[in-house]
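Please read the structure below before turning to the comments.
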Amino acid sequence: QVQLVESGGGLVQAGGSLRLSCAASGRTASSYTMCWFRQAPGKEREFVAGILWTGRGTSYADSVKARFTISRDNAENTVYLQMNSLKPEDPAVYYCAARKYGSSTYLAREYDVWGQGTQVTVSS
């Protein structure tokens, strides 16, 4: 069973950068499609970015395109989310999610494994 642990959240000023990490444990973790979601208070969980197990086939929500970059290191079983030019609308708990079969999808119910989340706060 794959398990996910996120890290790297924190407080940053608007316009600043953060890099989130998601460490996956489990023998087959490198074969999963990996994604990041976020959830702000009072809002539904929303898709942010996804990446196929090959490291290619990335996809992004329109709200983060050109600002966020998802990548993965299968040798380290880790997925990253580089967040640049952070805006006041980006604060949320950011979750890492893994999907055993299929490519990235914005539907949270399609993912098999979730991390516990890491808080991102942006000050204006």
Distance-only, no hydrogens or angles: does the [X] side chain make a donor-acceptor pair with backbone N or O of [Y] under 3.5 Å?
X      : Y      : result
Arg72  : Leu52  : yes
Asp112 : Lys100 : yes
Thr69  : Gln82  : no
Glu6   : Thr118 : no

When you measure from the centre of the six-membered ring of Tyr95, is the NZ or CZ of Arg45 closer than 6.0 Å and no more than 45° off the axis?
yes
Does NZ or CZ of Arg99 come closer than 6.0 Å to the centre of the six-membered ring of Trp53, within 45° of the ring's axis?
no
Just by distance, with hydrogens left out, do Glu76 and Asn74 show a side-chain donor and acceptor under 3.5 Å apart?
no
Thr78 and Asp73 side chains, donor-acceptor separation under 3.5 Å:
no
Would Lys87 and Asp90 pass as an ion pair if we require N to O under 4.0 Å?
no
Hydrophobic side-chain clustering at under 4.5 Å (ILVMFWY, transitive links): who's grouped with Val64? Put none if nobody.
Val2, Leu4, Val12, Leu18, Leu20, Tyr32, Met34, Trp36, Val48, Ile51, Tyr60, Phe68, Ile70, Val79, Leu81, Met83, Leu86, Tyr94, Val113, Val120, Val122
Would Thr105 and Tyr111 count as a side chain to side chain contact (heavy atoms under 4.5 Å, CB included) if you check the C-alpha gap in whole Å, the side-chain angles of each, and the deciding distance to 0.1 Å?
CA-CA 9 Å; Thr105 171; Tyr111 291 84; 3.7 Å; yes
Are more than 12 heavy atoms from other residues, nucleotides or ligands located less than 6.0 Å from atom CD of Glu44?
no
For the cysteines Cys35 and Cys96, is the SG separation below 2.5 Å?
no
